[in-house]
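Note sheet for the following structure.
All residue numbers in this chain count up from 1 along the given sequence.
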Amino acid sequence: MARFIRAIHVFRQFGYAVAVGISLGIEMVNELVDFWARSDLSGPQFVHPDDQSALGAYGGRYLHNVTADFESYIRSEHFGKRDSRFHTSLLPVPYGGDLSRADIFILLLNPGFSHADYFGELHMPAFRKRLEKNLTQNFENEEFPFLSLDPKFSWHGGFLWWERKLRDVIAQVAKDSFDGRYLDSLRHISTRLAHIQLVPYHSSHFGDYKLIGQLKSSEIAKRYVSEVLMPDVRRGAKTIVVTRQAASWDLGKEGGNCVIYGGHQARGASLGPNTSGGKAILSQLRRPPVAA
């Protein structure tokens with residue numbers, strides 16, 4: 001990282017700061033993905049090593065201290081209970097979509113949880129493989145880089161949540177650009193949409209907000225947003241919609257291409273075409289996509 005910062009000072013003398021800024025952005029994207037490359041995907045628990053001490057504090061109150069497959073999960077005391085502990089038998093989801101190609105980013109708090117998460121990861125090999133490929137950002141031969149807009153996984157809660165949130169936006173893009181073909185609109189938006197989670201671990205609801213300041217994964221996510229995305233947002237090349245926990249993203253009261261939800265907007269996290277976020281998404285989609 002230091003070599004890029006030194007280069008900025010040198011190249012600014014010759015008017016090339018923008019080119020160096022692009023290199024810095026690439027380095028930061030690699031830092032985010034490389035951070036998660038150090039996470040062991042062999043199980044049985046999936047906690048990034050740099051998050052272990054924070055999540056293990058207070059007697060492990062943040063964790064479901066079980067190693068669960070689907071059958072043991074549905075027979076356990078946790079089945080049917082709604083609490084804020086993290087399901088670390090599930091793969092973390094720090095981000096979704098192709099970070100290098102996307103020009104629309106939705107910032108969220110943490111991945112939700114449904115019973116289908118255990119079923120999908122443990123009984124649907126194709127789904128599990130796609131989750132792993134998302135972590136490594138390997139999208140070779142993938143029509144739908146944004147996993148939760150891939151109709152093959154329309155049985156999963158992730159697709160149900162995102163498709164419902166974006167349904168009217170997808171329909172509008174289908175009408176405007178694809179002669180009403182909803183599938184083509186889904187495919188197009190999937191190449192341009194990404195999300196970043198402030199906390200990457202699944203839970204039914206979020207409990208202790210002070211944990212955000214203790215997780216290395218949260219620090220890395222915030223730095224990626226501030227150092228890579230925000231310069232592009234400020235020059236109009238990308239759009240961010242902050243739907244949850246806006247204060248913790250440390251973005252102040254950014255306007256323009258950075259839409260920050262508060263109050264009832266944050267609770268509902270609606271992305272319909274009449275919301276500020278939906279309008280920003282549609283506006284960005286009417287521009288040419290960012291070159292890969």
Next on the checklist: Under the criterion side-chain contact (heavy atoms from CB on, under 4.5 Å), I'd like the reasoning laid out for L282 against V169: C-alpha separation, chi angles, the key distance, then a yes or no.
Outcome noted: CA-CA 7 Å; L282 282 170; V169 166; 3.9 Å; yes
Checklist entry - Aromatic ring centroids of F153 and W162 under 6.0 Å? => result no
Checklist outcome for this item: Separation between CH2 (W249) and OG (S218), nearest 0.5 Å, reads 8.0 Å
Checklist entry - Are the side chain of S154 and the backbone of P151 linked by a donor-acceptor contact shorter than 3.5 Å? => result yes
Next on the checklist: Donor-acceptor check, side chain of Q284 to backbone of I281, threshold 3.5 angstrom: yes or no?
Outcome noted: no
Next on the checklist: Using modelled atom types and a 3.5 Å cut-off, is there a donor and acceptor pairing between side-chain atoms of T243 and backbone atoms of L107?
Outcome noted: yes
Checklist entry - Distance from R181 atom CZ to D179 atom CG, nearest 0.5 Å? => result 5.0 Å
Checklist entry - Would a distance-only check, ignoring hydrogens and angles, find a side-chain to backbone donor-acceptor pair under 3.5 Å from Q245 to L198? => result no
Item to check | Minimum heavy-atom distance between F178 and D184, given as atom pair plus value | outcome: CD2-CB, 3.6 Å
Item to check | Contact check, side chains of K152 and R130, non-hydrogen atoms, under 4.5 Å | outcome: yes
Checklist entry - Are T136 and N138 close enough, and set up right, to give a side-chain hydrogen bond (donor to acceptor under 3.5 Å, both in side chains), and what steps lead you there? => result CA-CA 6 Å; T136 60; N138 174 11; 5.1 Å; no
Checklist entry - Do W155 and L160 have side chains that get closer than 4.5 Å, going by heavy atoms? => result no
Next on the checklist: Within this structure, what is the CG-CD1 distance for the pair L229 and I196, rounded to the nearest 0.5 Å?
Outcome noted: 6.0 Å
Item to check | Minimal non-hydrogen separation, A246 against I260, with atom names | outcome: CB-CG2, 3.3 Å
Checklist entry - Are the aromatic ring centres of F146 and H195 under 6.0 angstrom apart? => result yes
Item to check | Sub-4.5 Å side-chain heavy-atom contact between C258 and M230 | outcome: yes
Item to check | Carboxylate-amine/guanidinium contact K133 E140, below 4.0 Å | outcome: no
Checklist entry - side-chain contact (heavy atoms from CB on, under 4.5 Å) with Y201: which of L90, L55, V93? => result L55
Next on the checklist: Under a 3.5 Å distance rule, please check whether Q137 uses its side chain to pair with a backbone N or O of G97 as donor and acceptor.
Outcome noted: yes
Item to check | Step-by-step side-chain contact (heavy atoms from CB on, under 4.5 Å) determination, V241 to F105 | outcome: CA-CA 6 Å; V241 181; F105 287 80; over 6 Å; no
Item to check | Which atom of S89 lies closest to which atom of F46, heavy atoms considered | outcome: O-CE1, 3.2 Å
Next on the checklist: Quick one, R223 and V228 - any side-chain contact, counting heavy atoms below 4.5 Å?
Outcome noted: no
Item to check | Common cluster, F139/F144, ILVMFWY with side-chain heavy-atom separation under 4.5 Å | outcome: no
Next on the checklist: To check you understand the geometry: which heavy-atom pair defines the closest contact between T239 and R287, and what is its length?
Outcome noted: OG1-NH1, 4.1 Å
Item to check | Any side-chain heavy-atom pair of T275 and K165 under 4.5 Å | outcome: no
Checklist entry - Are the side chain of N257 and the backbone of R234 linked by a donor-acceptor contact shorter than 3.5 Å? => result no
Item to check | For K216, side chain to side chain donor-acceptor pair (under 3.5 Å) partners two or more places apart | outcome: E219
Checklist entry - For the atom pair CG (D176) and OG (S185), what is the distance rounded to the nearest 0.5 Å? => result 9.0 Å
Next on the checklist: Restricting to side chain to side chain donor-acceptor pair (under 3.5 Å), what partner residues turn up for E163, sequence neighbours left out?
Outcome noted: R167, Y182
Item to check | Backbone N/O of L135 and side chain of Y95: donor-acceptor pair under 3.5 Å | outcome: yes
Checklist outcome for this item: In short, salt bridge (charged side-chain N to carboxylate O under 4.0 Å, His left out) pairs touching residues 102-118 with sequence neighbours left out are D103-R192
Next on the checklist: Quick check against the 3.5 Å criterion: does K129 have a side-chain atom that pairs as donor or acceptor with the backbone of M124?
Outcome noted: no
Item to check | From CA spacing to verdict: side-chain contact (heavy atoms from CB on, under 4.5 Å), L91, E121 | outcome: CA-CA 8 Å; L91 288 175; E121 291 196 24; 3.7 Å; yes
Checklist outcome for this item: OG1 (T191) and CD (E143) are apart, to the nearest 0.5 Å, by 11.0 Å
Item to check | Hydrophobic cluster identity match, V259 and L285, side-chain contacts under 4.5 Å | outcome: yes
Item to check | Chi angles and distances behind the side-chain hydrogen bond (donor to acceptor under 3.5 Å, both in side chains) call for N110, S203 | outcome: CA-CA 8 Å; N110 80 306; S203 66; 2.9 Å; yes
Checklist entry - Are F86 and W36 connected in a single hydrophobic cluster, I mean Ile/Leu/Val/Met/Phe/Trp/Tyr linked by side-chain heavy atoms less than 4.5 Å apart? => result yes
Next on the checklist: side-chain contact (heavy atoms from CB on, under 4.5 Å), that's the test. Do F35 and D50 meet it? Break it down for me.
Outcome noted: CA-CA 9 Å; F35 176 83; D50 292 354; 3.5 Å; yes
Next on the checklist: Show the nearest heavy-atom pair for residues A221 and Q197, with the distance to one decimal.
Outcome noted: CB-O, 3.9 Å
Checklist outcome for this item: In short, P200 meets P111 closest at the heavy-atom pair O-CG, 3.5 Å
Checklist entry - Do H87 and F113 have ring centroids that are under 6.0 Å from one another? => result yes
Checklist entry - Quick one: CG on L186 to NE2 on H188, what's the gap to the nearest 0.5 Å? => result 11.5 Å
